[in-house]
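Note sheet for the following structure.
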Number of protein chains: 2
Amino acid sequence: MPKSPKKLTSNRRALALNNGRVTSIEVARRAGVSQSTVSRVFSDRNLVSQETVDKVLRVARQLDYKPNAIARSLSNRRTDLIGILMAEITSPFYPYVLEKFSQRLHDLGKRVLLFTTGPHEDADSVLQHALQYQVDGLIIANITLTSGIVKESLKYRTPVLLFNRYVKGARAMTVVCDNVAGGRLVADALLDSGHQRLAYIAGRPEASTNVDREAGFMERLAERGYVGTLREQGYYTYESGYEACRRLLKLSTPPDGIFCANDITAMGALDAARDLGIKIPEQLSVIGFDDIPAAAWSAYSLTTVRQPVDQMIESSVALLLESMEQPNWKATARVIPGELVRRGSARLTTTVV
Amino acid sequence: MPKSPKKLTSNRRALALNNGRVTSIEVARRAGVSQSTVSRVFSDRNLVSQETVDKVLRVARQLDYKPNAIARSLSNRRTDLIGILMAEITSPFYPYVLEKFSQRLHDLGKRVLLFTTGPHEDADSVLQHALQYQVDGLIIANITLTSGIVKESLKYRTPVLLFNRYVKGARAMTVVCDNVAGGRLVADALLDSGHQRLAYIAGRPEASTNVDREAGFMERLAERGYVGTLREQGYYTYESGYEACRRLLKLSTPPDGIFCANDITAMGALDAARDLGIKIPEQLSVIGFDDIPAAAWSAYSLTTVRQPVDQMIESSVALLLESMEQPNWKATARVIPGELVRRGSARLTTTVV
DNA sequence: CTGAAAGCGCTTACAG
DNA sequence: CTGAAAGCGCTTACAG
């Protein structure tokens with residue numbers, strides 16, 4: 001007696017809620033095989049005779065059957081879902097990163113569960129949601145990490161990859177552009193071509209990318225005996241670059257060379273300079289970091305440090321998938337060098353050291 | 001006998017594969033209640049006494065228990081997953097759209113399953129994957145839709161929302177900017193301010209946005225007796241705008257007013273004109289469509305038709321969620337007007353008609 | 001308010 | 001190569 005009313009209820013629910021989606025049981029019935037066999041046809045075809053495979057596939061096609069990935073995930077304890085946490089996709093550079101990740105992962109049979117956070121939003125709650133969906137791996141991009149996240153990442157065995165960020169002591173894999181070396185490249189380029197008064201327009205103070213780029217730049221300047229570098233705070237945005245540059249150029253002795261923490265900031269800086277009637281690059285050199293597509297536009301023609309994005313993404317995906325196989329993955333870091341791309345926004349001597 | 005070995009196997013699997021994640025059974029045992037009760041605490045707290053809720057939550061916190069969303073989805077037949085299909089996130093404007101969708105949906109307790117397709121890739125296979133994950137709804141953005149997709153969307157009851165695209169006869173909801181009216185706005189603005197020779201730089205020929213913007217522009221010009229509009233093919237990219245504009249300006253009688261199918265194209269056009277030494281806006285007016293953030297940058301100061309993105313996204317989310325409640329949702333269309341934003345790239349009379 | 005149990009749609013060890 | 005059945009971790013109708 002408990003069975004039959006249940007059945008009824010459940011059938012009604014099925015009609016109402018199943019969205020007309022066919023299950024393996026239905027396919028099995030029509031093909032005259034067991035449900036297990038249908039399942040095998042869609043998971044490991046080699047376990048089934050060719051004849052049966054054909055029969056099942058024919059019926060499946062007729063009914064437009066597709067295995068339910070949610071049910072499969074529950075059973076497999078593997079969702080093939082990769083969580084990507086990203087703040088501010090709109091900051092140019094990250095859309096490309098996201099697109100590239102999405103496509104690489106998709107080609108490898110993984111799906112992307114996307115979480116974006118506002119600029120100052122905490123990543124921790126978002127992390128909880130990702131974990132609830134049992135993601136097989138997690139990619140964390142331009143997110144300000146709190147120590148909370150670090151602890152969480154330790155609690156779970158879910159592999160975590162930090163893209164272009166790092167956190168000391170976090171049990172995570174890290175792939176970064178060599179931001180320190182990039183900063184040094186810029187210092188050398190500006191000094192080599194005789195610039196006299198240098199400035200740095202910073203990015204978000206808490207971002208490791210900003211910290212490293214500045215450290216490399218300053219460190220190399222100091223090594224070569226240059227002191228008194230000007231500094232303005234920016235926030236990785238066009239507007240902040242524009243304002244910071246304006247402030248610098250209003251100084252009694254303004255800089256003749258500015259290194260900006262990223263390209264967008266540099267574009268703002270360039271526009272500010274031109275709006276003040278300053279000749280680029282004769283009176284002022286501006287150098288960015290990233291090499292986003294707009295850097296090549298003739299309105300900017302920005303000299304910049306190119307991040308090896310494709311390599312960084314390849315490495316990230318490789319590391320992540322590797323560690324998904326190994327329950328005891330280890331924290332590792334991959335540092336990939338960038339390259340100075342010379343365009344019109346900086347007066348650089350072509351002779352390279 | 002069949003039970004006990006199963007148990008063993010399954011326990012071993014649990015240790016190896018469960019990633020150390022705690023289930024409701026474990027919480028129930030430690031809290032001295034049934035598994036159903038634990039479940040109720042995390043789904044509908046009102047069904048449980050306050051005392052029990054407290055006890056369960058305490059244990060849950062201790063064990064860091066989080067309900068498994070995959071299991072819940074299977075049981076509920078609702079995943080809270082929304083699929084977003086998008087081509088070329090990198091084309092500015094869409095990162096913003098994606099971010100906004102992601103944040104709105106997240107706030108409403110939905111998660112985003114992201115699928116990107118290459119420019120010429122077929123959306124159909126990607127659709128299959130989204131449906132396998134039992135998404136509750138589907139948002140399709142700047143994707144070239146084939147008739148295949150239309151048919152698929154009919155087969156499933158999964159609500160489909162087309163964002164800024166439409167397909168005739170598709171059973172889907174549609175939210176678009178009024179692209180036709182936008183084109184007409186531009187025609188009037190250029191004609192009102194005495195432009196003599198007009199041109200259109202088109203976007204991807206198959207995109208309904210492009211078709212409509214052009215139709216509105218041409219239609220209005222014709223109504224006002226203007227004939228002989230020049231036309232160049234672009235592809236919604238900076239480079240194609242640059243080249244198309246170059247070709248137009250090399251004509252024996254070049255245009256003095258160009259309407260570009262989107263902002264990026266217009267930026268390419270502006271740079272091409274300036275690289276040829278043409279004065280903007282004295283000798284040439286350039287008008288875009290979208291109003292992406294870079295349009296406001298002083299290097300471009302682009303006059304453009306602003307798409308009411310926020311409204312479009314609000315409407316989209318509202319329509320989609322509404323239809324997820326109603327199994328028999330109907331195809332509907334929402335057309336939202338855009339607005340001409342006057343900046344420095346076009347010589348327009350300020351007196352509006 | 002609470003528990004026992006069926007069910008969601010798969011996978012897979014076991015037995016043939 | 002194939003089928004019967006347990007199990008994945010939840011929800012929820014049913015009975016108390």
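In what follows, chains are A, B, ... by sequence order, proteins preceding strands, each numbered from 1.
Spacing between atom CG of A/Asn68 and atom P of C/dG9 amounts to 7 Å, rounded to whole angstrom units. For A/Glu26 and C/dG9, the CD to P distance is 11 Å, given to the nearest whole Å. Rounded to whole angstrom, the span from the CG atom of A/Leu74 across to the P atom of C/dC8 amounts to 14 Å. Nucleotide C/dG9 holds its P atom 16 Å from the CZ atom of A/Phe42, rounded to whole Å. Rounded to an integer number of Å, the gap from A/Arg45 CZ to C/dT12 P is 15 Å. Taking atom CZ on B/Arg29 and atom P on C/dG3, their separation rounds to 15 Å, with Å as the unit. Distance B/Gln35 CD to C/dA4 P: 11 Å, rounded to the nearest Å. In this structure, B/Ile25 atom CD1 and C/dG3 atom P are separated by 14 Å, rounded to whole Å.
For C/dG9, one of the phosphate oxygens OP1 or OP2 lies less than 4.0 angstrom from a side-chain nitrogen or oxygen of B/Arg77. Contact annotation: B/Thr37 does not reach the phosphate of C/dT2 (side-chain N/O to OP1 or OP2, under 4.0 Å). Residue B/Tyr133 places none of its side-chain N or O atoms closer than 4.0 Å to OP1 or OP2 of C/dC10. Look at A/Ser49 and you won't find any side-chain N or O under 4.0 angstrom from OP1 or OP2 of D/dC1. The phosphate of D/dG7 (OP1 or OP2) has no side-chain N or O of A/Asn76 nearer than 4.0 angstrom.
A search for side chain to side chain contact (heavy atoms under 4.5 Å, CB included) contacts involving B/Ser43 returns B/Ser39, not counting sequence neighbours. With sequence neighbours excluded, the residues forming a side chain to side chain contact (heavy atoms under 4.5 Å, CB included) with B/Thr174 are B/Leu162, B/Tyr166, B/Val176, B/Ala333, listed by chain and number. Residues passing the salt bridge (charged side-chain N to carboxylate O under 4.0 Å, His left out) test with A/Lys110 are A/Asp80, sequence neighbours excluded. Listed by chain and number, the residues in a salt bridge (charged side-chain N to carboxylate O under 4.0 Å, His left out) with A/Glu314 are A/Arg104 (sequence neighbours excluded). Legend: residues meeting side chain to side chain contact (heavy atoms under 4.5 Å, CB included) with A/Arg72, ordered by chain and number and at least two apart, are A/Phe42, A/Pro67, A/Asn76.
Among the protein residues, A/Thr52 comes within range of the sugar-phosphate backbone only, with heavy atoms under 4.0 Å from sugar or phosphate atoms but none that close to a base. Across all strands shown, B/Asn46 has heavy atoms under 4.0 Å from sugar-phosphate atoms exclusively, and none from any base. Residue contacts for A/Leu47: at a heavy-atom cut-off of 4.0 Å it reaches a base atom on one of the strands shown.
Remark: DNA chain D forms stems of 3 or more consecutive Watson-Crick or G-U wobble pairs, all pair distances under 3.5 Å, at C:1-3 with D:14-16, C:5-12 with D:5-12, C:14-16 with D:1-3.
Comparing C/dG3, C/dC14, D/dC10 against the side chain of B/Val33 picks out C/dG3 as the nearest. Each of C/dG3, C/dC10, D/dG9 was ranked by its minimum atom distance to the side chain of B/Ser34; first place goes to C/dG3. Here D/dC10 is the nucleotide among D/dT12, D/dC10, D/dA4 with the atom lying nearest to any side-chain atom of B/Arg72.
Nucleotides C/dT12 and C/dG16 have their C1' atoms positioned 16 Å apart, rounded to a whole Å.
Side-chain contact between A/Gln103 and B/Thr116 is present, with at least one heavy-atom pair separated by less than 4.5 Å.
The base of D/dG9 lies outside donor-acceptor range of the side chain of B/Ser24, with no N or O pair under 3.5 Å. Side chain A/Arg21 to base C/dG9: no donor-acceptor pair is found below 3.5 Å.
Side-chain atoms of A/Ser75 do not come within 3.5 Å of backbone N or O of A/Ala71 as any donor-acceptor pair. No donor-acceptor pair closer than 3.5 Å links the side chain of A/Asn142 to the backbone N or O of A/Met86.
Ranked by how close their nearest DNA chain C nucleotide is to the 5' end, B/Ser36 and B/Ala71 are led by B/Ser36.
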